[in-house]
Amino acid sequence: MARIICIANQKGGVGKTTTAINLAVALAKAAQRTLLIDLDPQCNATTGLDLAPTDRHPLVLQQSLREAIQTTAIEGLDLLPGSRSFQDVETLASDDQPQPQAAVLQSHLERGMAGYDFVLIDCPPSVGKLTQTALAASTEVLMPIQCEYFAMEGLTQMIQVIRGVMQQKPDRLAFGGIVLTMHDPRLELTAEVEEEVRDFFGEVVFDTVVPRDVLVSEAPSHGRSVIDHAPRSRGARAYIELCMEVLERD
């Protein structure tokens with residue numbers, strides 16, 4: 001069975017989608033057959049890989065996901081594109097269905113994802129129903145945390161949501177880890193945030209930190225990961241090291 005990793009944080013601008021794209025690319029380059037699912041209505045994971053959002057989200061259509069999955073320019077990496085349709089977002093997050101959407105998504109993953117080693121789900125920046133649906137369908141959750149003043153703000157709420165899903169799905173969802181992003185060792189604030197996060201969460205926090213690197217921010221405008229856009233950059237090296245840590249935690 002594939003490792004299904006939900007990449008989530010209730011705050012925007014923490015490097016969530018950037019992490020989803022670059023980790024997916026790194027895994028594919030490490031010979032891991034990988035699928036990236038774009039559940040964020042902003043569809044940045046889709047456009048960041050130089051593909052177009054769909055008019056309707058594949059997860060709400062009565063069709064095989066295999067028909068909707070698109071290949072990317074990266075060998076071994078496929079994408080289930082996102083949709084900006086408000087109607088589809090509401091449907092995906094709705095409980096007013098004969099079958100809960102979490103069960104539908106999990107069923108899709110179990111039936112249609114044969115052959116993948118990793119499935120990464122890029123979630124919207126919230127703790128709403130759409131994120132909870134993705135968590136319930138996943139085996140792990142990976143949380144990027146920005147090394148900024150408000151890094152811990154609202155984190156308690158996110159942890160409560162994750163624990164709630166873990167209680168509903170015993171022995172399915174695990175805390176895959178926390179990755180510190182936008183790390184600048186020159187700033188005293190960065191050191192303070194890192195110390196606080198590592199003291200509180202311990203070994204759950206990845207050793208790898210993602211540096212503040214303009215090339216990481218620049219890469220999506222070219223429809224590429226930083227690993228392809230600037231392979232010798234600090235950001236590219238960090239995401240490759242994060243990939244190695246994820247593989248080691250299997």
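In this text, all values refer to a predicted model and were calculated from it rather than measured experimentally. Each residue takes its place number in the sequence, starting with 1.
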Please tell me if the side chains of D78 and R33 come closer than 4.5 Å, counting only heavy atoms from C-beta onward.
yes
Do L189 and C147 have side chains that approach each other closer than 4.5 Å (heavy atoms only, starting at C-beta)?
no
Verify, without hydrogens or angle tests, whether T131 (side chain) and C123 (backbone) share a donor-acceptor contact under 3.5 angstrom.
no
Under-4.0 Å salt bridge between R249 and E203
no
Let me see the working for F206 and E241 under side chain to side chain contact (heavy atoms under 4.5 Å, CB included), right down to the final yes or no.
CA-CA 10 Å; F206 287 101; E241 291 173 355; over 6 Å; no
Please report the interatomic distance CZ(R212) to CG(D184), rounded to the nearest 0.5 Å.
6.5 Å
Does the side chain of V226 come within less than 4.5 Å of S233's, by heavy atoms?
yes
Between atom CG of L135 and atom CD of Q168, what is the distance when rounded to the nearest 0.5 Å?
10.0 Å
Do L39 and L36 share a hydrophobic cluster, counting only Ile, Leu, Val, Met, Phe, Trp and Tyr and linking them when any side-chain heavy atoms are less than 4.5 Å apart?
no
Quick one: are I7 and I5 in side-chain contact, heavy atoms under 4.5 Å?
yes
Is the number of heavy atoms from other residues, nucleotides or ligands under 6.0 Å of Q70 CD greater than 12?
yes
Report whether L247 and V210 are members of the same hydrophobic cluster (ILVMFWY, side-chain heavy atoms less than 4.5 Å apart, transitive linking).
yes
Between L79 and L130, is there shared hydrophobic-cluster membership here, with clusters defined by ILVMFWY side-chain heavy atoms closer than 4.5 Å?
no
Is the number of heavy atoms from other residues, nucleotides or ligands within 6.0 Å of CD (Q157) greater than 12?
no
Between E75 (side chain only) and A28 (backbone N and O only), is there a donor and an acceptor less than 3.5 Å apart?
no
Step-by-step side chain to side chain contact (heavy atoms under 4.5 Å, CB included) determination, I37 to V119
CA-CA 7 Å; I37 296 178; V119 176; 3.7 Å; yes
Got a donor-acceptor contact below 3.5 angstrom from the T46 side chain to the P81 backbone?
no
How many angstroms lie between CE in M143 and CD1 in I145, if you round to the nearest 0.5 Å?
6.0 Å
Between T181 and V14, what is the shortest heavy-atom contact and its length?
OG1-O, 2.6 Å
Evaluate whether atom CG of D55 has more than 12 neighbouring non-hydrogen atoms of other residues, nucleotides or ligands under 6.0 angstrom away.
no
Counting C-beta onward and ignoring hydrogens, is there a side-chain heavy-atom pair between L77 and L49 closer than 4.5 Å?
yes
CD (E148) and CE (M182) are apart, to the nearest 0.5 Å, by 7.5 Å
Any sub-3.5 Å donor-acceptor pair from R3's side-chain atoms to L120's backbone N or O?
no
Is any side-chain heavy atom of F200 closer than 4.5 Å to a side-chain heavy atom of I178?
no
Contacts of type ring-ring contact (aromatic ring centres under 6.0 Å, His included), residue H183, not counting sequence neighbours:
none
Indicate the atoms forming the closest heavy-atom contact of A230 with L215, along with that distance.
CB-CD1, 3.8 Å
d(E245 CD, D207 CG) to nearest 0.5 Å is 4.5 Å
What one should report as the nearest heavy-atom pair of I227 and A26 is CD1-CB, 3.7 Å
Give the C-alpha distance, both sets of side-chain angles, the deciding distance and a yes or no for side chain to side chain contact (heavy atoms under 4.5 Å, CB included) between D228 and H222.
CA-CA 10 Å; D228 294 295; H222 298 274; over 6 Å; no
Linking I/L/V/M/F/W/Y whenever their side-chain heavy atoms sit closer than 4.5 Å, directly or via other members, would L173 and L142 fall into one cluster?
no
Side-chain donor or acceptor of R232 paired with backbone N/O of R237 under 3.5 Å
no
Would you indicate whether R163, at its atom CZ, is surrounded by more than 12 heavy atoms from other residues, nucleotides or ligands within a distance under 6.0 Å?
no
Consider only side-chain heavy atoms of I, L, V, M, F, W and Y, link residues closer than 4.5 Å, and tell whether Y116 and L51 are in one cluster.
no
Under a 4.5 Å cut-off applied to non-hydrogen side-chain atoms, are I74 and T34 in contact?
no
Can you tell me how far CZ of F118 sits from CD of E140, rounded to the nearest 0.5 angstrom?
7.0 Å
When you measure from the side chain of R172 to the backbone of A137, do you find a donor-acceptor pair of N or O atoms at a distance under 3.5 Å?
yes
Under the side chain to side chain donor-acceptor pair (under 3.5 Å) test against T17, which residue among D38, N22, D122 passes?
D122
Find out whether T19 and Y239 are in side-chain contact, i.e. whether some heavy atom of one side chain is under 4.5 Å from a heavy atom of the other.
yes
